[in-house]
Amino acid sequence: MLPKEYRTISELSGPLLMVEKTRNVRYDELVEIELSSGERRRGRVLEITSDRALVQVFEGTDGIDIKNTKLLFLGKVLTIPVSRDMLGRIFNGRGEPIDDGAQILGDKKLDINGMPMNPFSRDFPSEFIQTGISTIDGMNPMVRGQKLPIFSASGLPHNRMAAQIARQATVISGHEDFAVVFAAMGITFEEASFFMEDFRKTGAIQRTVMFVNLADDPAIERITTPRIALTAAEYLAFELNMHVVVILTDLTNYCEALREISAARKEVPGRRGYPGYLYTDLATMYERAGRLKGKSGSITQIPILTMPEDDKTHPIPDLTGYITEGQIILSRTLHRKGIYPPVDVMPSLSRLKDKGIGKGKTREDHADLMNQLFAAYARGKEAKELAVILGEGALTDEDKAFAKFADIFEDRYVRQGEYENRTFEETLELGWDLLTVIPVKELKRVRDAYIEKYLQPRMQSGEKAEAVPGKV
């Protein structure tokens, strides 16, 4: 079918334009826009009403002359070429190479909207992924095929943490076909340079596909960036049988772009001005993670979003929490203490953590130790709050031990180096080391057999975790 040509633009609004007297135009169809200057831009059909089509322009509508601009409806949807050669490459938000490398000659071209997974065809996530970060591996384990977002806030080091996970993440079963698809939306040039230089310097780029949408790129491009990245991930996972971790940062910028387009379309706004279909739109991306029966590959998703005004009830983190299987929350209080990564263990949660740990997966004592560390840290925080109100003299010896534990836990377990890659064994051993400061009779979440096997040798050798200088 020959492309359909029109010169009937009637209206411009933000990144959108309205075309009149259209025939046989399809939803999501690609459009080529030729300006009077000869410049060419791309767009796609966003809405069709009778003989009118609403077109979303990827590069924006600035400079478009309504009378002298020509549109070609191409009769196809937005696709990207995919192949194993994408690994080690850097692309912009439209899927075009920006690393001075050659164009990708794909094995095939795939629709960026992907195909929804049939729930019946899904396989249950159950294989532990090691990130090298103790607060995730030890306290909120992530499993292959899970969606585990990171809730951050402005000024917190979520980008450094994202880069660390991309460098260190691995499946401990030893499967060699492991890849990272990294998509950044609305980031600054400085942030983009950090990611690219860090991946190149550490060698992580060799197993990574990067998609970078900068803050000064058209907002409309932010809508396609995560979908292009997920399409590449689906090819690597389900056709090349690779284990793929997809890191999406920052989803808040994506949602802001969605709100901008919704306002241009004059849609009735929902909560805080976001479109009423925000939940559905996010679900179309999040639900592209998982495992399929009969396929050895998988997609594990780590969306990163900054909570406006540190508000967990904001629509973006709120709706994300309903769709995904938990959340890792970063703490401004820990960040002010100079602790990296500032993961707040208390409100963080991995809903599938019990499915990927235990004998044969990590270690037999993992679940008991995780529960005991969480309970001890919670009691220690309570004891410290009590000391602030009543004074340290009002604390019992047990309370003082738990308060001491809370400080050591933050200083030695939560805190770790940006390039420190801890194995899950090192994380578990560190956890047992910290429990030496608590009386054995207070360890009520751990089986006696594990206390005898892992804790007693430490107590007998006189090894005790050191308190943080200057603290209770």
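Quick caveat, the model's predicted, so the values are computed rather than measured.
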(message) Could you check whether E239 pairs with K108 (Lys NZ or Arg NE/NH1/NH2 to Asp/Glu carboxylate O, under 4.0 Å)?
(response) yes
(message) Between R144 and E127, does any NZ, NE, NH1 or NH2 come within less than 4.0 Å of an OD or OE carboxylate oxygen?
(response) yes
(message) Rounded to the nearest 0.5 Å, what separates atom OG in S134 from atom CZ in R422?
(response) 3.5 Å
(request) Check T61 against P15 and note the closest heavy-atom contact, atom names and distance. (result) CG2-C, 3.7 Å
(message) Here's one to test your reading of the geometry: is the NZ or CZ of R167 within 45 degrees of the ring axis of Y419 and under 6.0 Å from its centre?
(response) yes
(message) Salt bridge check, D311 against R272: does any charged N sit closer than 4.0 Å to a carboxylate O?
(response) yes
(message) Closer than 4.0 angstrom, basic N to acidic O: yes or no for D281 and R227?
(response) yes
(message) Please enumerate all residues that pass side chain to side chain contact (heavy atoms under 4.5 Å, CB included) together with R259, with sequence neighbours excluded.
(response) E256, Y274, P275
(request) Using a 4.5 Å cut-off on heavy atoms from C-beta on, say whether the side chain of L334 contacts that of E410. (result) yes
(request) With rounding to the nearest 0.5 Å, note down the distance linking CD1 in I328 to CG in L349. (result) 8.0 Å
(message) For R89, is there an ion pair with D99 - N to carboxylate O distance below 4.0 angstrom?
(response) yes
(message) Tell me whether K353 forms a cation-pi arrangement with F128, defined as NZ or CZ under 6.0 Å from the six-membered ring centre and within 45 degrees of its axis.
(response) no
(message) Tell me if the NZ atom of K293 is crowded by more than 12 foreign heavy atoms within 6.0 Å.
(response) yes
(message) Under a 3.5 Å threshold, yes or no: a donor from one side chain and an acceptor from the other, between Q164 and Y340?
(response) yes
(request) Considering only NZ, NE, NH1 and NH2 on the basic side and carboxylate oxygens on the acidic side, decide whether E425 and R363 come within less than 4.0 Å. (result) no
